[in-house]
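Here the structure is laid out as structure tokens; the discussion comes afterwards.
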Amino acid sequence: ADLTKATLRLKWLPQTQFAGFYVAVAKGYYKDEGIDLTINPGGPNLLAENLVATGADTFGLSGGLDSVFAARDKNLPIVCIGVAHQLTPFVFVARADGPVKTIQDFKGKTVTTWFTGANHVLNAILTKNGIDPALVTIQPQQVSVTPFVDGQVDVITATRYNEFYTIKTRMGEEKLRTFVAEDSGITFPRDTLIVSETTAKEKPDLVKGFLRASIKGWKDAFADPKGAVDTVMALAPTLDRAHQEFQLAEAKKLMVAGKVPEKGLFNIDMDAVKITQDLFVNAKVISKPVDLAATFNSSFLDAIPLADRKP
Amino acid sequence: MSASTLSHPASAPGGSSSLKLLLPLLRLLRGLAILVAVFALWEALVVVFAIRPYYLPRPSVIFAALWQTPAPYVQGFLRTLTETLIGFASGAAFGIGIGLVFFRLRALRELVFPLFIVSQTIPVIAFGALVVLWFGNTLFAKAAIAFYLTFFPVTVNTLLGLESVDPRQEALLRSFGASPRQLMMRLQFPTALPQIFVALRLASSLALVGAIVGEWFGDTVGLGVLLLQGMYTENVVSIWATLLVSAFLGTTFYAVVAGAERLFVFWGAEQ
Amino acid sequence: MSGSAPDTVIAAPRANSRTLQRGVLGIVLFILAWEGIARGFHLPAYTLPAVSDILASIWTKRQILLTAAGFTITEAVVGYVIGALIGVALAVVITLVPMTRAVLLPAATAINSVPVVAYSPLILLWFGIGMPSKFVMVALAVSFTVFLSTLAGFDRVDRRSVDLLRSFGAGRLAILWRLRLPTALPLMAAGLRVSTVRSIIVAIVTEMLGAYGGLGWVIYQAVLQIDFVQVWGAIFVASAASLAFFGLIGFAERRIIFWK
Amino acid sequence: MGHRDQSGALLRAASETASSTAPAPVSAQPPLLEMKALSKRFGPVTAVDGFEAAIAPGEFVTVVGPSGCGKSTLFNIVAGLEEPDAGSILRFEGRSCHAHELLGKVSFMPQRDLLLPWRTVIDNAIIPMEIEGQPRKASRALAREMLPEFGLAGFGDQYPHQLSGGMRQRVALMRTFMFKRELMLLDEPFGALDALTRTMMQRWLLEVWRRHKRTILFITHDVDEALFLGDRVIVMSARPGRVKLELKVDLPRPRHADLVTSPEFIGLKRIVLEAIEEEAMKSFLAPGATAPQTDTPE
Amino acid sequence: MGHRDQSGALLRAASETASSTAPAPVSAQPPLLEMKALSKRFGPVTAVDGFEAAIAPGEFVTVVGPSGCGKSTLFNIVAGLEEPDAGSILRFEGRSCHAHELLGKVSFMPQRDLLLPWRTVIDNAIIPMEIEGQPRKASRALAREMLPEFGLAGFGDQYPHQLSGGMRQRVALMRTFMFKRELMLLDEPFGALDALTRTMMQRWLLEVWRRHKRTILFITHDVDEALFLGDRVIVMSARPGRVKLELKVDLPRPRHADLVTSPEFIGLKRIVLEAIEEEAMKSFLAPGATAPQTDTPE
Ligand SMILES: Nc1ncnc2c1ncn2[C@@H]1O[C@H](COP(=O)(O)OP(=O)(O)OP(=O)(O)O)[C@@H](O)[C@H]1O
Ligand SMILES: Nc1ncnc2c1ncn2[C@@H]1O[C@H](COP(=O)(O)OP(=O)(O)OP(=O)(O)O)[C@@H](O)[C@H]1O
Ligand SMILES: Cc1ncc(C[n+]2csc(CCO)c2C)c(N)n1
Ligand SMILES: [Mg+2]
Ligand SMILES: [Mg+2]
């Protein structure tokens with residue numbers, strides 16, 4: 001067969017957060033589409049947008065709307081062709097028996113978060129609730145959740161699929177209180193699929209084939225989570241199985257949320273996109289609104305029959 | 001002289017051949033015994049003081065993890081070793097080569113050397129994307145970083161070594177009518193060899209650092225990957241397991257280079 | 001064992017004026033070529049920004065960069081001092097109590113053969129992402145280099161000189177202070193000199209894995225915000241800081257070790 | 001050449017040995033140092049075996065012997081740096097003693113000058129006093145006074161690398177003299193000097209010795225030197241070192257430069273040379289692996 | 001001791017100098033090497049100034065002079081390593097020539113043995129032949145044959161650090177002899193040896209010279225050595241070096257060990273010592289900054 005070589009750059013190392021792609025490779029779905037796909041993991045100092053824009057990688061599962069906006073703002077020629085996580089993938093966690101019972105209680109407390117986009121969500125939530133972010137001690141968050149477990153930190157940011165699991169297993173879920181962005185009317189979709197403008201223009205069939213195979217992979221992963229975990233753990237055997245099973249379940253929740261049941265996986269919800277853009281413009285993270293039409297391109301998804309895309 | 005004999009027990013007089021064979025074996029056994037003792041002490045400390053595993057896991061747990069899933073560690077070891085070797089070999093070759101060139105072309109050296117120095121102040125990790133861009137997502141990308149960290153000390157010491165040639169020795173060979181090439185092969189290079197090996201020993205550690213850091217730029221196999229995985233999943237046991245494997249790799253590689261040094265520089269560095 | 005000392009010397013900047021001129025010329029040529037390539041091929045910033053843009057960005061972001069540099073330099077210097085003290089102290093202990101050598105030296109060699117970066121996950125887990133983890137990482141990187149070079153220096157002492165002082169009735173401490181320490185200074189200085197650049201790099205690398213500030217943090221943030229001019233700016237500042245630190249120690253070395 | 005004026009004492013000493021009478025060796029006095037059945041093994045190597053000698057106070061005794069015969073070992077024992085083997089007898093100032101009890105009691109000058117490069121001439125000279133715990137200021141003042149006598153006037157604040165080999169050797173000697181002990185051990189102090197500088201230094205040493213009145217035990221390889229300096233010459237056998245010949249040098253003091261070509265001197269030289277000849281032959285062809293390599297500077 | 005059998009030639013040479021007649025210096029023959037008005041400045045330092053000498057084929061000429069008087073400089077010029085200043089005249093084998101034309105034409109042995117530590121005795125000895133481009137195997141075989149003569153039998157595959165100082169010096173000499181050139185320059189070949197080993201080496205050198213019939217120019221600091229070895233002694237003045245005294249040594253050959261205590265020898269020694277005395281005084285007190293520090297090994 002005459003396969004087209006292509007690579008997918010992930011935002012991080014192998015884990016079930018990306019299970020669908022690995023399953024699709026394992027089951028040969030990309031090959032079926034004529035694509036010889038290599039999955040390249042991310043790293044602490046790599047940005048998928050950069051690698052896709054320069055042509056080092058064909059596809060990217062990048063940080064999220066935050067990184068897509070930042071890239072477009074810096075004139076990186078990338079296009080978002082799909083969004084995986086329809087909801088804000090992280091929550092803010094406090095102790096159930098602690099002093100923080102409501103958003104209002106954030107005032108004067110120590111909150112740690114990632115300064116890679118999550119901080120803007122936090123600011124927006126605070127502002128929405130009439131709190132001046134300056135009154136909250138906001139600090140960069142470290143990898144380890146131990147400071148929170150040990151009570152040195154009042155509120156911690158946690159992805160639903162990673163840190164939350166760690167905290168939960170160390171403290172017990174009942175000991176935790178979570179704050180969700182959507183409760184304040186904010187949505188921050190993440191895990192975006194991107195290609196370069198060139199690829200979008202010159203190889204639309206490649207993109208379509210990639211999406212088709214990826215969706216198939218994800219649907220298989222949802223249908224057979226144990227098998228999907230096996231596939232991923234074969235690549236990264238040092239991972240914790242229970243954690244990975246939990247992660248896949250959480251990823252599924254995030255991926256099938258919002259309008260996905262009607263519009264299919266990887267749906268780009270332009271309403272959520274606009275909310276997020278406003279958030280960034282207000283926070284002066286991007287200098288000006290970007291050209292949304294040029295940045296988000298649903299045509300590749302739309303070319304796939306809706307029935308195939310529905311979870 | 002006396003210093004060189006001290007650091008090169010191989011050249012010391014005395015000792016029957018069977019004893020010579022037995023001695024390294026005994027030393028190895030002693031090392032192993034110390035190692036076992038250290039792990040036992042560690043285990044005891046963790047148990048007695050009830051140290052939480054997030055801070056310090058018990059060595060038995062670490063070894064159990066290594067035993068249960070050896071594949072990633074073995075593969076990681078091999079991959080990182082390969083990258084280290086490629087980077088080290090190319091860095092050493094380039095370092096020595098450019099050292100020779102600089103020795104001959106002083107103007108070039110004065111022009112370029114400061115740039116070399118500046119280049120060594122750059123933390124490579126900042127340029128993950130550039131490395132991937134230039135060298136792709138291949139083994140060679142990691143080897144390139146190992147190379148970058150390796151060549152510089154080798155260049156510096158090659159130069160230092162070449163310049164430490166006794167001018168009287170050079171005069172002697174010239175009085176025999178030696179050509180520049182003969183001078184290089186018969187005098188200058190051998191004289192520089194001890195210094196070069198000092199750098200190679202240092203470079204053996206640096207090459208490993210380069211390979212591990214290189215693996216942070218999007219890779220699936222390698223000790224660096226395992227470290228990163230362990231760090232971000234707070235898998236302290238895995239971090240320790242990887243650390244021990246790295247220590248084994250580092251120590252072995254260093255020992256091999258040091259062994260090669262004893263073999264090739266049997267006469268020691270005469271100061 | 002003593003051979004593991006870093007005899008490698010990033011050549012101490014002891015240049016005459018012509019060497020200096022050539023060096024400056026080399027750097028200028030390099031910068032011009034860089035500028036020319038970046039401008040000539042219209043390279044995008046994410047591939048290679050022009051030097052002029054980087055310098056301009058350093059100027060506009062000077063406040064951020066200065067603060068960050070202060071952060072990183074503090075971490076590097078404090079860690080450096082702690083590491084150097086530990087390194088020298090260990091060497092002194094081994095020299096004064098020879099019994100400890102059989103344990104301390106192999107242990108140090110083993111710990112040292114693990115790349116420092118491999119410790120970073122643990123150190124960050126243990127000490128958090130604040131300055132203490134950077135102090136520890138830098139101290140770790142510096143102490144072994146200094147330890148091994150100091151010990152090699154102590155061991156390099158001429159046995160006959162030791163005997164001479166002994167014949168005057170000198171004890172171990174007097175011999176250490178009057179003879180071993182000064183003898184070891186050149187090697188110690190070489191170790192201290194290479195450690196300068198390493199200390200700043202280790203601080204930056206650790207910052208990239210988690211920090212509240214500093215050049216590494218700035219670089220990390222800038223990468224994620226796709227601000228590559230900023231990345232380069234921070235690198236330039238880091239380079240300058242490294243060279244300054246290196247130069248400072250080299251200067252002090254030439255002042256102190258005048259007899260070489 | 002321009003320093004003639006600065007080093008009057010030295011020049012005087014060098015051009016003609018001073019004219020006052022030298023201290024005569026008084027063998028009747030009880031010996032200052034006595035060695036009997038002195039032996040020392042290093043593993044399989046027996047360096048010294050049954051060495052016997054007695055040194056009277058104020059005597060200048062020179063020791064010659066082939067390379068590796070144990071001369072330095074002997075000195076190391078007397079300086080207290082090394083213990084002799086069991087059965088050896090060592091008596092100092094009439095009392096039997098262990099070697100280590102002699103640490104700090106004997107003024108020792110090793111084969112090389114061993115100056116500390118980071119210390120000035122003065123500060124090198126006062127090391128022994130510093131170690132004795134004497135106040136630095138007073139020691140420095142004392143050392144400064146002694147500079148002219150040692151031909152070092154004006155060089156007190158120089159560093160060793162700024163000095164010639166002969167001057168360095170004089171600094172080392174000055175250091176030895178500043179460690180005021182009855183017995184001085186000089187191990188080939190002029191071995192590293194060229195032959196001409198060496199003869200100058202010999203004449204000068206005699207002059208200094210005359211004025212300071214110490215007991216000197218002096219190792220050399222040079223027969224001329226041994227005879228020119230000593231009241232008595234001890235010739236050692238090849239390893240294991242023991243006394244092969246003891247020769248009284250009854251040449252008049254002060255000794256002048258032309259003594260070495262006088263018939264009496266030549267007569268003595270012939271005796272010593274003969275004794276040495278066979279010993280030298282013994283060790284001449286031994287491979288380096290067992291011979292000491294003191295002649296190859298590291 | 002156990003090596004007696006291995007080095008018969010050397011032992012013979014050392015115990016009694018061989019008995020065949022030595023080549024008489026033939027002054028009538030045209031000189032092999034001629035130097036006239038030879039001068040050499042190094043910046044402000046004039047090392048050699050108007051040196052004049054002629055060396056006949058087969059002659060053994062020794063050169064003495066105070067440290068730093070330019071002896072090594074002279075040798076460097078004759079070895080072709082350094083050009084003399086303009087106006088100097090250098091004639092070799094009857095033809096006037098530039099110094100660099102002498103590169104590879106003169107067999108040169110520098111002050112230190114300068115053995116390459118990574119080469120065995122044999123391989124050190126064959127360096128000159130290797131550089132000439134001769135096949136290694138043949139050279140090695142030749143060198144191996146010469147070992148006994150140089151007292152190195154059985155040591156061919158040892159490395160320099162396994163040898164004693166005397167043996168190293170013999171290897172260096174052997175290397176010089178293997179570079180078969182009419183003229184040999186020996187720059188203080190025995191300077192680093194102790195006095196006893198030294199006298200052995202002197203007698204042995206005479207024996208080797210007798211058999212190999214080369215022309216030798218030999219630098220030394222030691223007057224005894226100069227007289228014992230040479231057909232003629234050239235005494236140089238203190239810097240700037242020129243000829244202070246030329247003395248024919250008409251002592252019979254072969255020369256025996258007891259020659260040095262013979263009245264004829266003493267007579268000649270007195271002459272040379274006198275000539276040297278004032279020259280030595282001139283350079284004795286110069287500070288190290290200007291004096292060469294060849295006596296302080298690095
Ligand atoms: N610490 C030691 N360990 C082992 N062997 C030693 C030691 N010190 C001396 N020897 C051996 O003892 C012998 C005598 O050595 P010593 O240095 O006393 O000789 P020496 O007469 O001073 O020689 P030289 O004239 O060359 O200075 C030599 O064979 C030497 O190798
Ligand atoms: N390459 C050089 N550059 C500058 N000065 C030099 C050089 N070579 C020799 N000299 C100077 O020339 C003078 C004569 O030196 P030379 O080595 O010839 O003396 P020498 O007679 O061989 O001394 P020694 O007996 O100590 O070996 C000395 O003052 C020395 O410092
Ligand atoms: C929004 C968001 N920001 C940071 C992290 C934490 N994190 C997980 S992996 C990694 C390194 C590479 O980005 C980091 C910082 C997260 N989970 N989600
Ligand atoms: Mg000795
Ligand atoms: Mg000379």
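All chains are named by letter (A, B, ...) in the order of the sequence lines, taking the proteins before the strands, and each is independently numbered beginning at 1.
- Proximity to chain C is limited to the side chain of B:L130, based on heavy atoms less than 4.5 angstrom apart.
- Both the backbone and the side chain of C:V205 come within contact range of chain B, with heavy atoms under 4.5 Å apart.
- Heavy atoms closer than 4.5 Å to chain B are found in both the backbone and the side chain of C:Y119.
- With a 4.5 Å cut-off on non-hydrogen atoms, C:I27 touches chain B through its backbone and its side chain both.
- For B:W216, the part lying under 4.5 angstrom from a heavy atom of chain C is the side chain only.
- In this structure, chain C has no heavy atom under 4.5 Å from any part of B:V112.
- Residue C:L124 touches chain B through its side chain alone, counting heavy-atom pairs closer than 4.5 Å.
- Residue B:I212 touches chain C through its side chain alone, counting heavy-atom pairs closer than 4.5 Å.
- Closest approach of B:P114 to C:G23, counting heavy atoms only: CG-CA, 3.5 Å.
- Interface residue B:I125: backbone and side-chain heavy atoms are both found under 4.5 Å from chain C.
- Interface remark: B:A107 contributes backbone and side-chain atoms alike to the contact with chain C (heavy atom separation under 4.5 Å).
- Residue contact with chain C, scored on non-hydrogen atoms closer than 4.5 Å, involves the backbone of B:Y54 exclusively.
- Annotation: side chain of C:I235 is in contact with side chain of B:F127 (closest heavy-atom distance under 4.5 Å).
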